[in-house]
Amino acid sequence: MTTDVINPSTGTVLTSVPSLGLAETDAAIERARRAFPGWRAVAPGERARLLRRFAAVVDEHIDELANLEVRNAGHTIGNARWEAGNVRDVLNYYAGAPERLIGKQIPVAGGLDVTFHEPLGVVGIIVPWNFPMPIAGWGFAPALAAGNVVVLKPAELTPLTAIRLGELALEAGLPEGVFQIVPGKGSIVGQRFVTHPAVRKVCFTGSTDVGKSIMAGCADQVKRVTLELGGKSANVVFADADLEKAAASAPSSVFDNAGQDCCARSRLLVQESVYDRFLALLEPAVKSFRVFDPADATAEMGPLISAGHRDTVASYVDGADVAFRGSAPEGDGWWFPPTVLLAHGAADRHWREEVFGPVLSVLPFKDEEDAVRLANDTEYGLSGSIWTRDLGRALRVSRAVETGALSVNSHSSVRYWTPFGGMKQSGLGRELGPDALLGFTDVKNVFLSTDS
C-alpha cells in the first residue's frame, strides 16, 4: 500500500511512499529491539562521535532537505533551511551528552550509594505535519544520545524529509536498526507504538484529543509518554509597550508557517487605552505580509497543508467580524490570506479554539489583572508573549500566566538549549534543553555495602 504525497502550493502529486501495515511495523520494532543491546553498549565517546557525524552529514544536505520541505510541506525556503539546520544543531548539542550523563553519589551509612541513568530501550516517536524536521530531531537526538533506539513515524502528509533523514543516519554510520523511519497511518503504526510491549516510551506531537488517547493507551503498560499538544497562545500588549515594534512583529508571531504552529500567538490582547492606535499600526503590517511561492527567498508565508484544512480554517472566518486581511495567491494550491478578526468576547469560537491557520483574534483588556485573567482563560498553556517596558510588570505577568514558554518583548518559543513544553492540556513533559536526556532514561540506584 502507498500514500500519495501532495505539493500544497500546487495541489499536484509529488511522489508516493509506502504505507506500512501492522506486520511491517512489528518487524521494525523487532529490529530495533535486537539493535538496542549493541547501541547501549557503544562507548559514550563513540556514540557522541556518531551523532556528530550524523550532524555533519545533515549539514552537507541542508539545501536538499530544505527544498524537499518546500515542496512537501509548503514551508518558505527560509524557514525550511532553518528547520534543516535545527536538526543539525540539535544533533550537535546532544552529541555532547553521552559523556556527561552523570549520576549521583549519595551519602549513606555502611557503604556507597550511586545512581545511573539507564536507557529505556525502544522509543517510538510520532511526528506531526507542521514541522516535520525539527520536531523529529527534538525527539530522536536526545533519545539516541541516551542510548535508546528509535522508531519514528512521520505524518502521512509530510513523510519525505524524515525518510531522507533515516537514509542519512545510515550514511553517517549509525548501525542498522538503531534509527528507523516507519511511514504509515497513525491508526496502524502510531497505535502499534502505543500497544507493542517492546516500545518503552512514546513521544507524540499533535492534537490534544489524539494525545489523550495515546496517554490512555500507554497507561495500560505503564509506558512513559511525552506529549506536545495544542496551543492558543496570547500576545499581550500593554499601553507602555513599544507599540510600533509590537505591531510590526505581531504578524509573524501568528502567520509564520501559515499559522500552522502550536506556539502561534493567535490571541492578541491589547490594552484598551491604545487599542485603536495599535490596530492602525497592525493593519499595514498584515497587509504587507508576503504570501506567495514558498520557494521564493522573500516569501514570509506559504500555503496551508491541504484542501480539507483550508476549509476548516475558513469555517472560523465565515460570519466573523473581519477587521482586515492580507493577500494570497489565487488558483492552484491551498492558499489563505492572513486575516485579523475582532473578538467581541471571550466566548467567540475563533478566540477560544485552535484555528491552526493564519487567523488572528483581537480583544481589548482593561488592566494587568484583566490581561492575566483573559490570557489564562483557555484549556491550553504552551507559549505566549508580553509587551511592556515595565520590568516589574513583565515579571509579575510572566509568573501569573499559565503557560510553558513565555517571551517578553519578543516572540521566541523554542531554543534547543532551553526546555520546551506545555502546561494544562498543551502537553506533558519537556523537550530540549540540558535535561531532555533524563526523559529517555530510568534512574537506577545501587548500594554497595562496605561492611566486612
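Sequential numbering from 1 along the given sequence is applied to the chain's residues.
Here CD1 of Ile29 is found 4.5 Å from NE2 of His196. Values are rounded to the nearest 0.5 Å. Rounded to the nearest 0.5 angstrom, Leu432 CG and Trp138 CH2 are separated by 6.0 Å. Remark: Asn7 CG to Trp334 CH2 distance equals 8.0 Å, nearest 0.5 Å. Considering SG of Cys262 and CG of Leu229, their distance stands at 8.0 Å, rounded to 0.5 Å. Distance check, rounded to the nearest 0.5 Å: CG of Leu269 to CG of Asp377 gives 10.0 Å. If you take CG on Leu144 and CG on Leu174, they are separated by 6.0 Å, rounding to the nearest 0.5 Å.
The backbone N or O of Glu368 sits nowhere less than 3.5 Å from a side-chain atom of Arg393 that would complete a donor-acceptor pair. With hydrogens and angles ignored, the 3.5 Å screen pairs a side-chain donor or acceptor of Asn376 with a backbone N or O of Ala400. Remark: side-chain polar atoms of Lys201 are not paired, donor with acceptor, to backbone N or O of Lys223 under 3.5 angstrom. Between the side chain of Asp59 and the backbone N or O of Gly85, no donor-acceptor pair lies under 3.5 Å. At least one donor-acceptor pair closer than 3.5 Å links the side chain of Thr403 to the backbone N or O of Leu382. Between the side chain of Gln180 and the backbone N or O of Ala28 there is at least one donor-acceptor pair closer than 3.5 Å. Counting only distance, with no hydrogens or angles, the side chain of Ser385 and the backbone of Ser410 share a donor-acceptor pair below 3.5 Å. For the pair Gln260 (side chain) and Asn257 (backbone), a donor-acceptor distance under 3.5 Å is present. Thr208 places a side-chain N or O within 3.5 Å of a backbone atom of Gln425 that can act as its donor or acceptor partner. No donor-acceptor pair under 3.5 Å is formed between the side chain of Asp348 and the backbone N or O of His350.
Of the charged side-chain nitrogens involved, none lies within less than 4.0 Å of a carboxylate oxygen, so that Arg200 and Asp442 do not count as a salt-bridged pair. We find that Glu379 and Lys232 are not joined by a salt bridge, their nearest charged nitrogen and carboxylate oxygen being 4.0 Å or further apart. Ion pairing of Asp296 with Arg290 is absent here, as no side-chain N (NZ or NE/NH1/NH2) approaches a carboxylate O to less than 4.0 Å. Look at Glu283 and Lys287 and you find a salt bridge, because one of the NZ, NE, NH1 or NH2 atoms lies within 4.0 Å of a carboxylate O, short of that distance. Salt bridge annotation for Glu402-Lys424: present, with a cationic side-chain nitrogen under 4.0 angstrom from a carboxylate oxygen.
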Would you check, one step at a time, whether the test salt bridge (Lys or Arg N to Asp or Glu O under 4.0 Å) holds for Asp240 with Arg389? CA-CA 6 Å; Asp240 71 326; Arg389 288 186 169 98; over 6 Å; no
Arg81 and Thr76: CA distance, side-chain angles, deciding distance, side chain to side chain donor-acceptor pair (under 3.5 Å) verdict: CA-CA 9 Å; Arg81 286 197 181 105; Thr76 63; over 6 Å; no
Evaluate salt bridge (Lys or Arg N to Asp or Glu O under 4.0 Å) for Glu46 paired with Arg53, printing each intermediate quantity in order. CA-CA 10 Å; Glu46 175 63 10; Arg53 176 58 187 151; over 6 Å; no
Would His75 and Trp82 count as a ring pair (Phe, Tyr, Trp, His ring centres under 6.0 Å) here? Give the steps. CA-CA 11 Å; His75 291 190; Trp82 178 91; over 10 Å; no
Checking Tyr94 against Phe440 for the ring pair (Phe, Tyr, Trp, His ring centres under 6.0 Å) test, could you report, in this order, the C-alpha distance in whole Å, the side-chain angles of both residues, the deciding distance, and whether it holds? CA-CA 13 Å; Tyr94 288 111; Phe440 293 98; 8.8 Å; no
Working note: Val359 + Leu341, criterion side-chain contact (heavy atoms from CB on, under 4.5 Å); need CA distance, chi angles, decisive distance, verdict. CA-CA 7 Å; Val359 176; Leu341 303 179; 3.5 Å; yes
Working note: Val237 + Leu243, criterion side-chain contact (heavy atoms from CB on, under 4.5 Å); need CA distance, chi angles, decisive distance, verdict. CA-CA 8 Å; Val237 180; Leu243 298 183; 3.8 Å; yes
Full working for side-chain contact (heavy atoms from CB on, under 4.5 Å) between Phe204 and Val194: CA-CA 10 Å; Phe204 171 78; Val194 172; over 6 Å; no
Would you check, one step at a time, whether the test side-chain contact (heavy atoms from CB on, under 4.5 Å) holds for Leu360 with Thr339? CA-CA 6 Å; Leu360 175 62; Thr339 302; over 6 Å; no
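In terms of heavy-atom proximity, Gly139 sits nearest to Ile125 at C-CD1, 3.4 Å. Closest non-hydrogen pair, Ala234 versus Arg265, comes out as O-CG, 3.9 Å. Here the closest heavy-atom approach between residue Gln271 and residue Ala239 is recorded as OE1-N, 2.8 Å. Looking at every heavy atom in both residues, Val182 comes nearest to Pro154 through O-CD, 3.8 Å. The shortest non-hydrogen separation linking Met133 to Val87 is O-CG2, 3.5 Å. Taking every heavy atom of both residues into account, Arg47 and Ala145 meet most closely at NH1-O, 3.0 Å.
Ring geometry for Phe54 against Phe179 counts as tilted: the plane angle lies between 30° and 60°, on a 0 to 90° scale. Relative ring orientation between Phe356 and His309 is described as perpendicular, the plane-to-plane angle rising above 60° on a 0-90° scale split at 30° and 60°.
Lys444 and Thr115 share no donor-acceptor pair across their side chains, judged by distance under 3.5 Å alone. A donor and an acceptor atom, one from each side chain of His411 and Ser249, are located under 3.5 Å apart. A donor-acceptor contact under 3.5 angstrom links the side chains of Asn79 and Asp256, judged on distance only. For the residue pair Arg430 and Thr418, no side-chain donor N or O sits within less than 3.5 Å of a side-chain acceptor on the partner. In the model, Ser413 has a side-chain atom that pairs as donor or acceptor with a side-chain atom of Ser383 under 3.5 Å.
Here Phe278 pairs with nothing under the ring pair (Phe, Tyr, Trp, His ring centres under 6.0 Å) rule; sequence neighbours left out.
No side-chain heavy atom of Leu342 sits less than 4.5 Å from a side-chain heavy atom of Ser361. You'll find the side chain of Arg349 reaches within 4.5 Å of the side chain of Ser315, heavy atoms only. Contact annotation: the side chain of Pro175 approaches that of Trp39 to within less than 4.5 Å [non-hydrogen atoms, C-beta and beyond].
With Phe140 as the fixed residue, the side-chain contact (heavy atoms from CB on, under 4.5 Å) test singles out one of Ile135, Ile181, Leu91: Leu91.
The side chain to side chain donor-acceptor pair (under 3.5 Å) analysis of residues 152-166, with sequence neighbours excluded, yields the pairs Glu64-Arg164, Glu69-Thr161, Arg164-Glu167.
Other residues, nucleotides and ligands place no more than 12 heavy atoms under 6.0 Å from the NZ atom of Lys185. For Arg100, the CZ atom counts as loosely surrounded, since its 6.0 Å shell holds 12 or fewer non-hydrogen atoms of other residues, nucleotides or ligands. Crowding of Glu369 atom CD: a count of heavy atoms from other residues, nucleotides or ligands under 6.0 Å not exceeding 12.
Under a cutoff of 6.0 Å and an axis angle of 45°, Arg267 and Trp351 form a cation-pi pair.
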